[in-house]
Amino acid sequence: MAYKTLDDMGDIAGKRVLLREDLNVPTAEAKVTDDTRLRAAVPTIAELADKGAVVLVLAHFGRPKGQRNPEMSLALVTKPLEHLLGRPVQFVPDCQGAEAEAAVAAMSPGDVAILENTRFHAGEEKNDPALAAAMARLGDAFVNDAFSAAHRAHASTEGLARLLPAFAGRQMEAELAALQKALGQPEHPVAAVVGGAKVSTKLDVLTHLVTKVDHLIIGGGMANTFLAARGVNVGKSLCEHDLTGTAEQILEAADRANCTVHLPYDVVVATEFRPDPPTRTVNVHEVGADEMILDIGPAATEALADVLKTCRTLVWNGPLGAFETPPFDTATVSLARTAAALTREGSLVSVAGGGDTVAALNQAGVAEDFTFVSTAGGAFLEWMEGKALPGVEALG
Ligand code: ADP
Ligand code: MG
């Protein structure tokens, strides 16, 4: 999809730019506990301010459900952002209306302000044209830098982009470029790793991917449902027995699309789910009635590494095992390290996303080595489902 970036904005000195960011940071006792999202916003804010724009940052924070709620005020992130940015940041206590208009009118080129939580207005999540128009009055241009909020058609992500000249921020641009490389026009062969707990949460992902990739690697709890569909007795494993028919259909669709599906043939099992219990590594046909499959086995992991060595592109969502509990992170860590090494050698483009996936890659110490790691949970998954993201579409 074609979209404009900061490079297409022309001379923005003195122009008021409404900049949608993701500032939805985790907090505890009114303190930011992880500033990853703030740091990610800095390049675009700094670039716009350096070019002399009046930078008006729009964002949501928590779920105030259309009500003013002091506990969800973005005032909290003003100081941390100021610190990271190395320049003053003002706080404007509304994202629209007369008070906001007066505050913005008093700002000078290069000034930066955070406007109050967009979700204090019920019109935000309803994509109310009246709210979008009221926000649009504050700015001359709109920049969306929040890929993670782009799967929602809200006033500050979609509505505004229809009212003002709209551009992708640097973060958005990087995310879109990486995703395009991984599934838009990827170099083949392409492998997808899909793991995690349940088939039911990733049905659309699986259905879309079989038409896109050459190798579909299924791990995690969801592999158990596929194994059950193939007649394997999975014992006490996490398994959606009511979805074995659906799993069967996905396998048939893969067959028709010439997509090779890789299910584990050996697995690590235990009778108790706790750190470091006694385990057995067995063929999938040897799982005991009282045992749970908690990771894929070493032979399967090695075979998957060989598959990755033949591939040019990898997209990964979902851990291969119950990685939070040792030793059931073994396969995930091992395959992630293989992918990282292949990426470093330049033979693989590797893109990964998903909350637990990012945690698992960090645990393996390889997140930095992947070509791109998306921290946009919901938006990343919808993109893997092949869905159009309204916030991105509106930039086109
Ligand atoms: P993501 O957040 O990256 O999209 P998911 O939320 O779909 O990933 O899945 C992650 C969860 O799946 C983890 O909590 C992990 O423990 C669980 N999981 C993976 N394999 C198994 C398994 N064999 N049995 C039970 N849970 C598993
Ligand atoms: Mg998760």
Side-chain angles (χ1 to χ4, degrees), residues 26 148 151 179 182 192-206 208-209 216-229 232-241 243 247 262-277 279-282 284 287-288 290-298 300-301 304 314-336 339 350-364 366-367 370 372-385 387:
S148 55
H151 57 312
L179 300 190
V193 171
V194 183
K198 290 181 174 179
V199 171
S200 53
T201 59
K202 292 183 184 172
L203 268 183
D204 293 341
V205 171
L206 294 163
H208 178 61
L209 287 179
L216 176 61
I217 294 166
I218 302 178
M222 70 172 62
N224 303 338
T225 303
F226 281 87
L227 290 171
V232 169
N233 192 333
V234 298
K236 285 218 170 69
S237 303
L238 176 65
C239 178
E240 293 169 289
H241 290 282
L243 284 181
H262 301 266
L263 289 170
Y265 40 82
D266 65 337
V267 288
V268 181
V269 298
T271 53
E272 302 158 76
F273 187 27
R274 60 167 170 87
D276 301 307
T279 63
R280 300 197 307 137
T281 298
V282 295
V284 289
V287 178
D290 59 341
E291 289 178 319
M292 287 171 280
I293 301 172
L294 292 166
D295 199 6
I296 71 173
T301 309
L304 295 177
L314 166 69
V315 31
W316 186 330
N317 170 257
L320 297 173
F323 78 99
E324 303 93 332
T325 311
F328 307 112
D329 60 340
T330 308
T332 305
V333 167
S334 162
L335 197 65
S350 53
V351 173
D356 292 297
T357 309
V358 175
L361 295 184
N362 282 327
Q363 192 165 313
V366 299
F370 270 56
F372 190 78
V373 175
S374 173
T375 53
F380 181 81
L381 270 183
E382 289 201 21
W383 166 80
M384 275 189 84
E385 291 167 359
K387 293 197 180 134

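If you read the sequence from its start, that first residue is 1, and numbering goes on from there. Just so you know, ligand 1 is whichever comes first in the structure, and atom 1 is the first atom listed for that ligand.
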Worksheet item: So which bit of E324 gets within less than 4.0 Å of ligand 1, heavy atoms only: side chain, backbone, both or neither?
Response: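 The answer is the side chain of E324.
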Response to the item:
Closest to the Mg ion (ligand 2), among the N/O/S atoms of D356, is atom OD2
Practice prompt. Answer yes or no for K202: is there a heavy-atom contact with ligand 1 below 4.0 Å?
Written response: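 It does, in that a heavy atom of K202 comes within the 4.0 Å cut-off of ligand 1.
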Worksheet item: Out of curiosity, is N317 lining ligand 1, as in a heavy atom under 4.0 Å away?
Response: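 Right, N317 reaches ligand 1.
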Is any side-chain heavy atom of [X] less than 4.5 Å from a side-chain heavy atom of [Y]?
{"X": "L227", "Y": "I293", "value": "yes"}
{"X": "M292", "Y": "L238", "value": "no"}
{"X": "V234", "Y": "V287", "value": "no"}
{"X": "V358", "Y": "F370", "value": "no"}

Nearest-neighbour protein heavy atom for [atom], which is reported as residue plus atom name and distance:
{"atom": "atom 12 (O) of ligand 1", "result": "A197 N, 3.1 Å"}
{"atom": "atom 21 (C) of ligand 1", "result": "G221 N, 3.3 Å"}
{"atom": "atom 9 (O) of ligand 1", "result": "G196 CA, 3.1 Å"}
{"atom": "atom 6 (O) of ligand 1", "result": "D356 OD2, 2.9 Å"}

Discussion item. Would the distance check show the side chain of N317 and the main-chain N or O of V194 forming a donor-acceptor pair, the cut-off being under 3.5 Å?
Written reply: no
Worksheet item: Does T281 use its side chain to pair, donor to acceptor, with the backbone of V268 at less than 3.5 Å?
Response: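 No, T281 side chain to V268 backbone: no donor-acceptor pair under 3.5 Å.
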Ligand-residue contact atoms, ligand 1 with [X], heavy atoms, under 4.0 Å:
{"X": "T357", "result": "1 (P), 3 (O)"}
{"X": "L238", "result": "25 (C), 26 (N)"}
{"X": "G321", "result": "15 (C), 18 (N), 19 (C), 20 (N), 21 (C)"}

Worksheet, complete the sentence: Contacts satisfying side-chain hydrogen bond (donor to acceptor under 3.5 Å, both in side chains) that involve residues 320-336 (not counting sequence neighbours) are D329-Q363
Worksheet item: Out of L320, I293, D329, who gets a non-hydrogen atom closest to atom 24 (N) of ligand 1?
Response: I293
Discussion item. Please enumerate all residues that pass ring-ring contact (aromatic ring centres under 6.0 Å, His included) together with H151, with sequence neighbours excluded.
Written reply: none
